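Here's the structure we're looking at; comments come further down.
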Amino acid sequence: MAVTGLILIGFVIGHLVGNLQVFQHPDHLNGYAQFLHQLGPLLWVARIGLLVAVVIHIWAATVLTLENNRARGTPYGFKHTIQATLASRMMRVTGYVVLGFLLYHIAHFTMGAAQSSTFKENLPAYTMQHEYRVAGFPVVAAGAKVLDVHSMVILGFQSPVVALFYIIAVGLLSFHLLHGFDSLFQTLGLRSTRWAGGLRKVALWLCLAYFAGNLAIPGAVLLGKLSPRAVGISAAPAQR
Amino acid sequence: MVAENTAKNLSITLRVWRQDGPQAVGKFVDYQSKDLSPNMSFLEMLDVVNDDLTLKGEPPIAFAHDCREGICGTCSCTINGQPHGPGKGVATCQVYMRTFRDGDVITVEPFRAAAFPIVKDLITDRSAFDKIQQAGGFITARAGSAPEANALPVPKPDADLAMDAATCIGCGACVAACKNASAMLFVGAKVSHLGILPQGQAERDKRVVAMVDTMDALGFGNCTNQYECSAACPKLISHDFISRMNRDYLAATVRAAFKAVSLGGSGGS
Ligand code: HEM
Ligand code: FES
């Protein structure tokens, strides 16, 4: 749980940092997406690695939960919690919502099964205005025609239902991480009362920052602060 | 503890788990108890209720107790969902009736864990803890006269920490309080109280692995780091010992995988 959780935490933070490029010129997000797709087999290594982490994480959670229920046997007639945090008691529920979100998310932005009218492959190609660099190395040339991920994201979030679902799911993910981040130190034997207070604060700020970053993207679209490049295309199915 | 001057006697409804034997189906039964002194202990209140039941010809409530001063770990009941009842760092025998208000309904049930089967009413069989102890909760030493006290120096901070762990009275409240009926606090305390001291080093790796594996085999649950255990512990043993045991277990497993072993044969056979 702890090791796969740590891998997933690393992933979600990296993913958010990449996504925040939506606030820059469309060259950034589109160049970044193009760069990731150019990785080819490496992209698949990362995808399979993440899938394995998610599967092990959920498998372990399921096995442990079943064992834990068996270990109690007859439940208490009078249920009482002394100090366990709400986040720690809601891990299962928040985990389910995150899983549901993950499935929708991949159908939405990776496969184009949901909201397909604004899927990147159904939008006009985007021509890079400038070169896109990663760590100083040019990876996508100016003038290259690439998929318009920038517009896809913004058009997707113009649907208030989708944007709200994202916001709620990511809020619950942040809540899941609040316990998860703290807890993994205990599991790995790296937590003690001497610094537990500091660790709790780090976890709290990390989760708040993570939530704020994720709230910013659909939030800005809903408030009309971000608009798609491709004028004339809206989130509603196009009239033909 | 100095008794508060609480003059008014109280009446309560006791909702108790009654179960005739290990295989019997249990249920909650309500008993009214009137005119209780607020300064009697919870166990004394149970004695009073049992006197009444005996006079009426009904079987008394079976509950475990021995020292009645918080040191033996025998008394084990869950009072209003909290093992050893309200109050921090006390065993059931140290809970006083003044903690409750006149007219309260008090629910009393046994420690609930599959690894602690119910013997009768509030009494559970906690011999699973003995099996964990037998797996590694000891050191191998020459018995007989006591060794010279200064032959083996123990740094004071280590002695203090080991003593904190050694205050465990093996009552099982940690298991009862844990959302998953996990025995990690008990095992963490037992592993640490020997593992921190020089006398415990020779068997340190073997001990932690054997005790943890025995705990798992006995059907205790898994720790989800919610710390209900240390909050319910009558000795307030810290869940830092769980973290320490996790680290020890991990290190012992890694070391075991790389340890060189004797090929045998040498040494003049
Ligand atoms: C996809 C569905 C998911 C489900 C069903 C799920 C479920 C769970 C469950 C049941 C636990 C154990 C809770 C406990 O110890 O009380 C857990 C722990 C954890 N989860 Fe998830 N989770 C999911 C996704 C995620 C994601 C996406 C991340 C990270 C980005 C994550 C990070 C963690 C971490 C770090 C822990 C703590 C591990 C430990 O304490 O050793 N989880 N999860
Ligand atoms: S009876 Fe000994 S600890 Fe309560």
Side-chain angles (χ1 to χ4, degrees), chain A residues 1-3 5-6 57 59-95 175-200 203, chain B residues 15-17 19 25-28 78-83 86 88 105-118 175-184 216 218-232 238-251:
Chain A
M1 295 255 59
V3 174
L6 194 60
H57 193 80
W59 172 79
T62 309
V63 170
L64 293 177
T65 304
L66 292 177
E67 278 183 13
N68 292 344
N69 291 345
R70 246 197 325 270
R72 168 100 306 138
T74 315
Y76 278 108
F78 190 114
K79 292 190 174 52
H80 177 76
T81 293
I82 311 171
Q83 66 169 20
T85 59
L86 187 65
S88 78
R89 287 183 285 134
M90 292 199 23
M91 289 304 271
R92 249 202 22 240
V93 177
T94 51
F175 205 49
H176 192 86
L177 296 187
L178 181 60
H179 176 69
F181 183 81
D182 196 320
S183 176
L184 75 88
F185 284 86
Q186 174 83 357
T187 302
L188 297 177
L190 302 174
R191 183 183 182 280
S192 85
T193 302
R194 286 177 69 181
W195 81 291
L199 175 64
R200 192 74 196 156
Chain B
R15 181 162 294 162
V16 193
W17 184 261
Q19 182 172 334
V25 181
K27 64 171 193 301
F28 282 105
T78 308
I79 306 167
N80 287 344
Q82 201 170 334
K88 240 176 133 57
V105 176
I106 307 174
T107 305
V108 192
E109 47 193 321
F111 283 1
R112 301 234 186 245
F116 290 164
I118 293 175
V175 175
C178 176
K179 300 283 179 201
N180 317 313
S182 167
M184 293 285 272
D216 288 341
L218 288 167
F220 290 101
N222 308 287
C223 181
T224 43
N225 307 332
Q226 295 174 291
Y227 317 133
E228 289 287 281
C229 51
S230 48
S238 165
H239 47 260
D240 283 5
F241 290 116
I242 298 180
S243 175
R244 191 192 167 282
M245 172 172 65
N246 287 339
R247 195 168 64 232
D248 232 27
Y249 185 85
L250 208 63

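We name chains A, B, ... by the order of the sequence lines, and we start the count at 1 in each one. Since this is a predicted model, take the numbers as computed values, not measurements.
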For [Y], is there any backbone N or O sitting under 3.5 Å from a side-chain donor or acceptor partner on [X]?
{"X": "B:N80", "Y": "A:F78", "result": "no"}
{"X": "B:R247", "Y": "A:L188", "result": "no"}
{"X": "B:N246", "Y": "A:G189", "result": "no"}
{"X": "B:E109", "Y": "A:Y76", "result": "no"}
{"X": "A:H179", "Y": "B:T224", "result": "yes"}
{"X": "A:N68", "Y": "B:N222", "result": "yes"}

At a 4.5 Å cut-off on heavy atoms, which part of [X] comes close to chain A: side chain, backbone, both, or neither?
{"X": "B:P117", "answer": "neither"}
{"X": "B:S182", "answer": "neither"}
{"X": "B:Y227", "answer": "both"}
{"X": "B:E228", "answer": "both"}
{"X": "B:A251", "answer": "neither"}

- Query: Do you know which two heavy atoms are closest between B:V175 and A:R72, and how far apart they sit?
  - Reply: O-NH2, 3.0 Å

- Query: What are the two closest non-hydrogen atoms of A:A71 and B:G219, and how far apart are they?
  - Reply: CB-O, 3.4 Å

- Item | Flag side-chain contact, heavy atom, 4.5 Å: A:I82 against B:Q82 | yes

- Item | Heavy-atom side-chain proximity of A:Q83 to B:S230 below 4.5 angstrom | yes

- Item | Heavy-atom pairs under 4.5 Å with chain B, option from A:R191, A:R194, A:E67 with the top count | A:R191

- Message: At a heavy-atom distance under 4.5 Å, which candidate from A:A84, A:P75, A:A196 has the highest pair count against chain B?
- Response: A:A84

- Query: Under the side chain to side chain contact (heavy atoms under 4.5 Å, CB included) criterion, do A:T187 and B:N225 qualify, and how do the steps go?
  - Reply: CA-CA 8 Å; A:T187 302; B:N225 307 332; 3.0 Å; yes

- Message: Looking only at heavy atoms and a cut-off of under 4.5 Å, which of B:A176, B:G26, B:P110 has the most pairs with chain A?
- Response: B:A176

- NZ of A:K79: more than 12 outside heavy atoms within 6.0 angstrom? yes

- Query: How about A:W59: does its CH2 atom have over 12 heavy atoms from other parts shown lying under 6.0 Å from it?
  - Reply: no

- Interatomic distance, OG@A:S183 vs CD@B:Q226, rounded to 0.5 Å, equals 8.5 Å

- Task: For side-chain hydrogen bond (donor to acceptor under 3.5 Å, both in side chains), just list the numbers for A:S88 and B:K179, CA-CA rounded to whole Å, side-chain angles, deciding distance to a tenth of an Å, and then say yes or no.
- Result: CA-CA 11 Å; A:S88 78; B:K179 300 283 179 201; over 6 Å; no

- chain B heavy atoms under 4.5 Å from A:R70: which part of the residue, side chain, backbone, both or neither? backbone

